[in-house]
Student: 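Pasting in a structure now, in structure tokens, and then I'll have a few things to ask.
Letters A, B, ... mirror the listed sequences (proteins, then strands); counts begin at 1.
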Number of protein chains: 2
Amino acid sequence: MDGPPVKIVSIYITGFYVKKALNRAAKEILVSAGLRRTGGRVEILEVLQQAKMPLNQEEIQAQLDRDLNRTTVYRTLESFIQAGLVHRCFVRERAWHYELAHNCRPLQCHPHFTCTNCDRTLCLKDVFLPLVKDIPDGFIIQRQQVRIEGLCPNCS
Amino acid sequence: MDGPPVKIVSIYITGFYVKKALNRAAKEILVSAGLRRTGGRVEILEVLQQAKMPLNQEEIQAQLDRDLNRTTVYRTLESFIQAGLVHRCFVRERAWHYELAHNCRPLQCHPHFTCTNCDRTLCLKDVFLPLVKDIPDGFIIQRQQVRIEGLCPNCS
DNA sequence: CGCAAAATGCAAATATGTTGCAAAAAGAAT
DNA sequence: ATTCTTTTTGCAACATATTTGCATTTTGCG
Ligand SMILES: [Mn+2]
Ligand SMILES: [Mn+2]
Ligand SMILES: [Zn+2]
Ligand SMILES: [Zn+2]
């Protein structure tokens, strides 16, 4: 083993799995993902590393130190998705929401919970739902996503 | 028992369950849902009854005989949602997709499958996934939704 | 440093959904 | 059927979210 221990998570990349540590320094992650290390990418990745819930373009941009064009934010996120660093997740709002592709199990990320009262979205990182079992022949599952609506502890 | 047998399905309506038969004639359904029977509503409901997958506003409109304004289509769908006849479902595309609120189990509808190759979305009406069990104290589940991505039988 | 490829900013375009208001249609009462 | 009230509809404008084309800048590499 070389270097300090890092938490290893599984990331799904276009058809196969790789092991990757998304809690390393943003710069390192970019290099090992084969992405050019630009200021914007480093910052966006850092925002996502600190995020406690899926964020949309506007929320990400608001947390940046530098001014990045919104087009650039979208393009950066798309490059992260292609590299397998980021997922789009499944929330009630119209805007796409993005999240680091960590805290994932094989073929699925954790579920997301949206409160119908206060409208907050929470990551249920420790909640586990098995993969569907009785799917008909011929289907190949690449990813399963779960979304739950209801009342959060604050509102119930 | 009065009248011919109808398939009874469960529909989730704002906090409690009702039994309703969504394969009756569209006109009847509107009446029993307390909605005015307008030409547009009848047609939209019929389109949804025949649909084999979730449809968006544009797809619904394209299947109508009469010309309906897109605002009207959206408002009609919203009234169906309020009446518990229709759900919005979650697909990969940006546009909202709508589906009759049948083939549902308590607190959840069937999963939807989107093929990453041909981009088609299919209803997995007979696929069952249990409700999450290990959700922390304080959360109240009102609805669980599942989305699966992968290769469909045509593409695998 | 100098080059080629990739990333960025900006303006415009596109896609999707909502709002306000006036006109039309539906249902109830007569 | 006629009248009345309420709901629904169409239309234009607005709002929001995302994408595209193209010129400019930056990056990584030799
Ligand atoms: Mn999450
Ligand atoms: Mn369906
Ligand atoms: Zn809440
Ligand atoms: Zn397919």
Student: Testing the 3.5 Å rule here: is there a donor-acceptor pair between the side chains of Glu99(B) and His110(B)?
Tutor: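 Note: Glu99(B) and His110(B) side chains meet the donor-acceptor criterion.
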Student: Once you round it to whole Å, what is the distance between P of dT8(C) and CD of Glu43(A)?
Tutor: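 It is 12 Å, rounded to the nearest whole Å.
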Student: Between Leu35(A) (CG) and dG28(D) (P), how many Å, whole number?
Tutor: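 Spelled out: CG on Leu35(A) to P on dG28(D) is 11 Å.
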Student: Could you state the atom-to-atom distance from CG of Leu77(A) to P of dA17(D) in whole Å?
Tutor: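 After rounding, the reported distance stands at 15 Å.
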Student: Quick check on dA5(C): is either OP1 or OP2 less than 4.0 Å from any side-chain nitrogen or oxygen of Arg36(A)?
Tutor: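 Negative; the distance criterion is not met.
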Student: Can Glu149(A) and Arg147(A) be counted as an ion pair, charged N to O under 4.0 angstrom?
Tutor: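 A salt bridge links Glu149(A) with Arg147(A).
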Student: Under 4.0 Å between any heavy atoms, over every strand shown, what does Thr71(B) touch: base, sugar-phosphate, or nothing? Just pick one.
Tutor: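 Counting heavy atoms under 4.0 Å across all strands, the contact made by Thr71(B) includes a base.
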Student: Between the side chains of Arg24(A) and Ser32(A), does any donor sit under 3.5 Å from an acceptor?
Tutor: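 Their side chains do contain a donor-acceptor pair, which is all the 3.5 Å distance test asks for.
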Student: When you check the phosphate oxygens OP1 and OP2 of dA7(C), does a side-chain N or O of Thr72(A) lie under 4.0 Å from one of them?
Tutor: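 For dA7(C), neither OP1 nor OP2 has a side-chain N or O of Thr72(A) closer than 4.0 Å.
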Student: Before giving the answer on side-chain contact (heavy atoms from CB on, under 4.5 Å), spell out for Cys152(B) and Cys118(B) the whole-Å C-alpha distance, their side-chain angles and the decisive distance to 0.1 Å.
Tutor: CA-CA 8 Å; Cys152(B) 77; Cys118(B) 68; 3.8 Å; yes
Student: Report the distance from atom CG of Asn69(A) to atom C1' of dT20(D), rounded to the nearest whole Å.
Tutor: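 So the CG-C1' distance, Asn69(A) to dT20(D), works out to 13 Å.
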Student: Measure from CD on Glu78(B) to P on dT8(D) and round the result to the nearest Å.
Tutor: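 Those two atoms, CD and P, are 12 Å apart.
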Student: Is it the case that the base of dT18(D) and the side chain of Arg70(A) share a donor-acceptor contact (distance under 3.5 Å, atom types as modelled)?
Tutor: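 Per atom types, the contact qualifies.
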Student: So, Glu46(B) and Gln50(B): side-chain donor and acceptor under 3.5 Å apart, yes or no?
Tutor: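 Short answer, no.
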Student: As an exercise, state the distance from CD1 of Ile44(A) to CD of Gln57(A), rounded to the nearest 0.5 Å.
Tutor: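 Rounded to the nearest 0.5 Å, the CD1-CD separation comes to 9.0 Å.
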Student: Does Arg41(B) put a side-chain nitrogen or oxygen below 4.0 Å from OP1 or OP2 of dT8(D)?
Tutor: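 It does, given that an N or O in the side chain of Arg41(B) lies less than 4.0 Å from OP1 or OP2 of dT8(D).
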Student: Evaluate the side-chain contact (heavy atoms from CB on, under 4.5 Å) criterion for residues Phe139(A) and Leu122(B): first the C-alpha distance (whole Å), next the side-chain angles of each, then the deciding distance (0.1 Å), finally the verdict.
Tutor: CA-CA 11 Å; Phe139(A) 286 94; Leu122(B) 298 157; 3.6 Å; yes
Student: Does a side-chain N or O from Thr76(A) land closer than 4.0 Å to OP1 or OP2 of dT8(C), or not?
Tutor: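 Checking Thr76(A) against dT8(C): at least one side-chain N or O falls below 4.0 Å of OP1 or OP2.
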Student: In whole Å, what is the span from the CZ atom of Arg94(A) to the C1' atom of dC14(D)?
Tutor: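 It works out to 13 Å between those atoms.
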Student: May I ask you to say what Arg75(B) touches in the nucleic acid, namely base, sugar-phosphate or nothing, with a heavy-atom cut-off under 4.0 Å?
Tutor: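 Contact class for Arg75(B): base.
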Student: Strictly below 4.0 Å: does Tyr74(A) bring a side-chain N or O up to OP1 or OP2 of dT19(D)?
Tutor: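 For Tyr74(A), the contact criterion (side-chain N or O under 4.0 Å from OP1 or OP2 of dT19(D)) is not met.
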Student: Could you list by number each residue of residues 53-64 of chain B showing a heavy-atom separation from DNA chain D of less than 4.0 Å, or answer none if no residue does?
Tutor: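 Correct list: empty, so none.
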Student: Mind calculating the distance between NZ (Lys27(A)) and C1' (dT27(D)) to the nearest angstrom?
Tutor: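 Atom-to-atom, Lys27(A) to dT27(D), this comes out as 14 Å.
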Student: Between dG10(D), dG28(D), dT27(D), spot the one nearest the side chain of Leu68(B), thanks.
Tutor: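 Minimum distance to the Leu68(B) side chain belongs to dG10(D).
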Student: Please give, in whole Å, the distance from dT16(C) P to Tyr98(B) OH?
Tutor: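 Rounded to whole Å, this separation is 12 Å.
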